[in-house]
Novice: 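Structure incoming, see below.
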Amino acid sequence: MNYARRLRNIFVPLRAERLTYYLFMKKLCLLWLAAGLLAPAQAQEKFELGKPNNGAYRYLDDYKALKEYIDYTKYPNFKLGVGTTVNNYLNNSLVRNMTNKNFTETVAGNAMKMASCVDGNGNMNFTTVRNYVNTATSAGLNVYGHTLAWHSQQANGWLRKLIADKPEPGAEEVYAQIAAKDFRTAQNVGWKSDVSQYGYSLTFDQTNGLKVHCTKKNTNSWDVQFVAMDNIPTVVGKTYKMTMTVRGSVAGQLHSKLGDWGGGATANIPFTTEWKDVVISYKATVANSFLLLQCGDFVGDIYIRNIKFEGNTVKTVPLTQQERHDTLVWAMDKWIKGMMQACNGKVKAWDLVNEAISGGGNDGQGNYELQHSDGYKSGTWDVGGDVFYWQDYLGDLDYVRQACRLARKYGPEDVALFINDYNLESDWDDNKKLKSLINWIKKWEADGVTKIDGIGTQMHISCFENATHQNSIKSHITKMFQLMANSGKLVRVSELDMGYVRGSNRWGSSVKTSEVTETEHKKMADLYQWIIKEYFRIIPAAQQWGICQWCPTDSPNNSGWRGGEPVGIWDSNYYRKHVYAGFVRGLNGGEPSAVESVEANQVIDTSNGIHNLQGLRLAATSLDQLSAGLYIVDGKKVVIR
């Protein structure tokens, strides 16, 4: 019989009760059941299987967990990490088991960022952090900390309150405007609820300002909500007058709260179809408030031209630059100390500073500048928006040096500190962002005290159909690894994920998961394989920290991160994709080879019938009649491909 057409690239995981035979060209792949046919098989969880009801994915069923393919004799320090939604890890056993079985390191996507742990008044809550760290480390995982210093997802209200203007000595209280926003020019809002799920949109123009377009009546008024203004300098117990210029396509009302996420003063804001200045009074219950607007129970359009707040206040003067600096160093000390104490020495590595390099400008030495607020660049100290640029106040050098000093003061003695950034593989500027980062590290370390241990490259990349684009990206990934290796620092791929772009447009939109072909999925798997092998090829073992896959599963359509893209190792239902095989090939340097293989030339006797794994005898009388799969023949498990 000629079985060669079916028996290509056969992979079977080694298990205690089995002995694997490889047969190529007239040799059959056999799997002996040492414990006998009646030994109960351990059920596989869905994340251990390929897509169901599709023969093209059955080969994935036989792969072992990803971490089992790491060769620790060659790469003793290598860690295979995964970005983790902490709530899912703690409360969903499927997610937890998938993480624990496949990876050696876990990284919280958001739960360890400042805004997740610190409220608008500087109160810190590390309950979730403690539960996560304890649960993961008890399961044998390393926890990698993300992130100590960043400009995004900060406790913006608290920090701005700390450096707000101080009362002028001897000044008397006066009635005045304390905050205002004209949406015709300030065309932005802060946090907002999911626009797709709740059927609304927010747009701006120079005539009407903000337009809230509501397409359906939701269950709750708060389903549609957004922060219209923030950093309103309220004082607890004082009453403030808000004036809003507003109209609607039909008459209705907005629901509002002046406060923070812990509470505040509420009021309804009525409007008609004509422009009117609607006046509302609030008695502040929190200091430094935001204005939250809700309209989930309204269908139609609401237009808001401007909002202003007035109240009794005193004349103020700005803090000096030194006062701002010292105040923020105190705040950073409180934050880093609190986080390190919550982790109790169990988190041995951190993104010390995240996304510091701007990707533009000139620091005077040919490097890109650090990121700063637009206000800082124009000569003012107004940070604005929902971010907080510490470097605006601490300076480009002291920002990182202070964070490093505090992390080493409060962290474990052997803590490893990384600078993490994106676009380090950039081909459009010949890796200039990475070159700039390496030079900035030299400047930060020039004080002889600051020590940066490693560099993290995020690698949110795309696989390109266009060969020219793809080859350019690959050549600059190689250059990136070479530059990182030559820096002498530890090297970590920190947030790897991948979309797919068709056509010749270098900046074209990524293909949605539902539209990706089998060929494209396999091309992505090949690129993952190449990246991992290139990391092992270029980065010396002593400098390897590891590779972290940022998205374990494909992104949902309504996700704020690469929504609807095929960015996962598993699909959205937690089944293995072809990318899983790409990871295996990359980690293992080829096909899985952790099984002992033995040639078997004996003829397989099918006279006693061919059975499926459930023991049901099949109609087929020869192996040549079988489709791909696992079968029982003559007391043996037979793998047909």
Side-chain angles (χ1 to χ4, degrees), residues 114-125 127 153-165 173 175-183 186 188-194 198 200 202 210 212 214 218-246 252-271 277-298 302 304 306-314 316 331 383-388:
M114 191 182 202
S116 299
C117 306
V118 185
D119 68 15
N121 293 313
N123 300 309
M124 300 189 180
N125 186 338
T127 301
Q153 290 180 256
Q154 299 298 286
N156 194 28
W158 175 52
L159 297 172
R160 289 182 64 88
K161 187 161 45 179
L162 289 176
I163 59 171
D165 294 353
E173 193 172 82
Y175 189 82
Q177 177 178 293
I178 64 166
K181 187 171 187 178
D182 189 331
F183 288 103
N188 59 76
V189 298
W191 175 90
K192 61 182 181 292
S193 59
D194 191 301
Y198 298 117
Y200 76 102
L202 303 175
L210 170 62
V212 187
C214 302
N218 288 279
T219 304
N220 308 295
S221 62
W222 59 82
D223 289 337
V224 175
Q225 59 178 329
F226 56 93
V227 175
M229 292 178 66
D230 59 5
N231 303 310
I232 304 167
T234 54
V235 176
V236 175
K238 289 185 177 285
T239 299
Y240 298 91
K241 182 177 76 172
M242 182 199 72
T243 303
M244 177 185 291
T245 306
V246 60
Q253 64 179 3
L254 284 158
H255 310 280
S256 71
K257 180 177 74 170
L258 181 68
D260 61 18
W261 296 115
T266 61
N268 292 327
I269 305 170
F271 55 82
D277 290 338
V278 181
V279 177
I280 302 292
S281 292
Y282 300 92
K283 186 174 183 179
T285 63
V286 300
N288 202 58
S289 303
F290 58 62
L291 178 66
L292 183 72
L293 299 179
Q294 303 171 335
C295 53
D297 53 356
F298 176 83
I302 304 170
I304 304 173
N306 49 56
I307 303 171
K308 68 177 179 180
F309 282 86
E310 300 169 291
N312 289 323
T313 185
V314 296
T316 60
V383 175
D386 59 354
V387 296
F388 190 90

Novice: Does the plane of the ring in Phe309 sit parallel, tilted or perpendicular to the ring in Tyr282? Use 30° and 60° as the thresholds.
Specialist: tilted
Novice: Please report the interatomic distance OH(Tyr200) to NZ(Lys192), rounded to the nearest 0.5 Å.
Specialist: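 Separation between the atoms: 6.5 Å.
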Novice: Look at the side chain of Lys181 and the backbone N and O of Asn188, then say whether any donor-acceptor pair between them is shorter than 3.5 Å.
Specialist: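 Indeed, once roles are kept as given, a pair shorter than 3.5 Å links the two residues.
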Novice: Which atom names give the shortest non-hydrogen contact between Thr285 and Ala265, and what distance separates them?
Specialist: OG1-N, 3.9 Å
Novice: Is a side-chain N or O of Asn121 found less than 3.5 angstrom from the main chain of Asn123, in a donor-acceptor match?
Specialist: no
Novice: Got a second to check how far Leu292's CG is from Asp230's CG, nearest 0.5 Å?
Specialist: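 One gets 11.5 Å once the value is rounded to the nearest 0.5 Å.
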Novice: Would you mind reporting whether Ile163 and Phe388 have side-chain heavy atoms less than 4.5 Å apart?
Specialist: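 They are in contact (side-chain heavy atoms under 4.5 Å apart), so the answer is yes.
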Novice: Is a side-chain donor or acceptor of Asn312 paired with a backbone partner of Glu173 at a separation under 3.5 angstrom?
Specialist: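 Checking the backbone N and O of Glu173 against the side chain of Asn312, no donor-acceptor pair under 3.5 Å is found.
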Novice: Classify the side-chain pair Thr245/Asn306 by whether it contains a donor and acceptor separated by less than 3.5 Å.
Specialist: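 Their side chains do contain a donor-acceptor pair, which is all the 3.5 Å distance test asks for.
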Novice: State the CD1-CD1 distance between Ile304 and Ile269, to the nearest 0.5 angstrom.
Specialist: 7.5 Å
Novice: Checking Asn125 side chain against Thr127 main chain: does a donor-acceptor pair fall under 3.5 Å?
Specialist: yes
Novice: Looking only at non-hydrogen atoms, find the nearest pair between Phe183 and Leu210 and report the distance.
Specialist: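 In terms of heavy atoms, the two residues are closest at CB-N, 3.5 Å.
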Novice: With ring-ring contact (aromatic ring centres under 6.0 Å, His included) as the criterion, how do Phe298 and Phe271 come out once you've worked through the C-alpha distance, each side chain's angles and the decisive distance to 0.1 Å?
Specialist: CA-CA 12 Å; Phe298 176 83; Phe271 55 82; 5.5 Å; yes
Novice: Verify, without hydrogens or angle tests, whether Thr234 (side chain) and Val286 (backbone) share a donor-acceptor contact under 3.5 angstrom.
Specialist: yes
Novice: Stepwise, does the side-chain contact (heavy atoms from CB on, under 4.5 Å) test hold for Leu258 with Met242?
Specialist: CA-CA 10 Å; Leu258 181 68; Met242 182 199 72; over 6 Å; no
Novice: Determine the minimum heavy-atom distance between Val212 and Cys295, stating which atoms define it.
Specialist: CG1-SG, 3.8 Å
Novice: So do the side chains of Val278 and Pro270 get within less than 4.5 Å of each other, counting heavy atoms only?
Specialist: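 A side-chain contact exists here, since the closest heavy-atom pair is under 4.5 Å.
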Novice: Any non-hydrogen side-chain atom of Leu254 less than 4.5 Å from a side-chain atom of Met244?
Specialist: yes
Novice: Is there a side-chain contact (heavy atoms from CB on, under 4.5 Å) between His255 and Thr266 once you walk through the steps?
Specialist: CA-CA 8 Å; His255 310 280; Thr266 61; over 6 Å; no
Novice: To the nearest 0.5 Å, how far apart are OG in Ser256 and CD1 in Ile307?
Specialist: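 Answer rounded to 0.5 Å: 9.5 Å.
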Novice: For the backbone of Val235 and the side chain of Tyr240, can you confirm whether one donor and one acceptor N or O come within less than 3.5 Å of each other?
Specialist: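 Yes; judged by distance alone, with no hydrogens or angles, the pair exists.
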Novice: Return yes if some donor-acceptor pair links the side-chain N/O of Thr243 with the main-chain N/O of Lys308 below 3.5 Å, else return no.
Specialist: no
Novice: Quick one, Met114 with Trp158, criterion side-chain contact (heavy atoms from CB on, under 4.5 Å). Give me CA distance, side-chain angles, the key distance, then yes/no.
Specialist: CA-CA 11 Å; Met114 191 182 202; Trp158 175 52; 3.7 Å; yes
Novice: Can you list the residues that meet the salt bridge (charged side-chain N to carboxylate O under 4.0 Å, His left out) rule with Lys161, with sequence neighbours excluded?
Specialist: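 For Lys161 there are no salt bridge (charged side-chain N to carboxylate O under 4.0 Å, His left out) partners, ignoring immediate neighbours.
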Novice: Where do Leu291 and Ile232 come nearest, in terms of heavy atoms and distance?
Specialist: N-CD1, 4.0 Å
Novice: With distance as the sole test, does Ser221 use its side chain to make a donor-acceptor pair with the main-chain N or O of Asp297 at under 3.5 Å?
Specialist: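 No, because the side chain of Ser221 does not come within donor-acceptor range (under 3.5 Å) of the backbone of Asp297.
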Novice: Looking only at heavy atoms, which two atoms of Leu162 and Ala331 are closest? And how far apart?
Specialist: CD1-CB, 3.7 Å
Novice: With a 3.5 Å distance limit and no angle check, can you tell me whether Tyr198 reaches the backbone of Gln225 through a side-chain donor-acceptor pair?
Specialist: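 A pair under 3.5 Å: no.
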Novice: Where do Asp119 and Ala155 come nearest, in terms of heavy atoms and distance?
Specialist: O-CB, 4.0 Å
